[in-house]
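One structure is given here, and the rest of the page talks about it.
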Amino acid sequence: AEIVAHRPFSLETSVVGFLKRAPSAAATKAALAWDIGDEEIAIRGKELYWRHGGRMSESALGKIKIERTLGPLTMRNLTTVAKIAAKYPA
């Protein structure tokens, strides 16, 4: 629920990546400097929030690029995360 409440971008166009560990300050700085057009990212602890403009397959950013900079992660649509949080409240 905390992850959904924090969402820095609209629910409909966002995914959240759950990182294995929080990225270093240098990795975070590198990721925030990516040239990803009108897309946006935000990093909070072990979560990467990503607002994409449409189809993820057409994005300037991809999972391989993210993992090379920030480390392993799994990604979920934020709408899905919100549904899970509502179904299983803490």
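All values below were derived from every heavy atom in this structure, side-chain atoms included, with hydrogens, water molecules and symmetry-related copies excluded.
Smallest separation of non-hydrogen atoms from P23 and G45: CD-O, 3.4 Å. For the residue pair L19 and G71, the shortest heavy atom distance occurs at CD2-O, 3.8 Å.
At a threshold of 4.5 Å between non-hydrogen side-chain atoms, the residues M75 and I66 count as touching. Looking at heavy atoms from C-beta onward, V15 lies out of side-chain contact with L78 at the 4.5 angstrom threshold.
For A31, the side chain to side chain contact (heavy atoms under 4.5 Å, CB included) partners at least two apart in sequence or on another chain are W34, I41, I43, T69, L70. Scanning for side chain to side chain contact (heavy atoms under 4.5 Å, CB included) contacts around E40 gives F9, R51, with sequence neighbours left out. In this structure R44 satisfies the side chain to side chain donor-acceptor pair (under 3.5 Å) test together with E2, sequence neighbours excluded. By the side chain to side chain donor-acceptor pair (under 3.5 Å) test, R21 pairs with no residue at all, sequence neighbours left out. Residues meeting the side chain to side chain donor-acceptor pair (under 3.5 Å) test with E47, sequence neighbours left out: none.
One distance of note links CZ of F18 with OG1 of T74; it measures 8.0 Å at 0.5 Å rounding. In this structure, the separation between OG on S24 and NZ on K29 is 11.5 Å, given to the nearest 0.5 Å.
Formation of a donor-acceptor pair under 3.5 Å by the Y49 side chain with backbone atoms of I3 is found in this model.
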Let me have the donor-acceptor pairs involving side chains of residues 81-90, under 3.5 Å, with sequence neighbours excluded, atom names and distances please.
none

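Applying the salt bridge (Lys or Arg N to Asp or Glu O under 4.0 Å) definition to pairs two or more places apart or across chains, those involving residues 63-76 are K63-E67.
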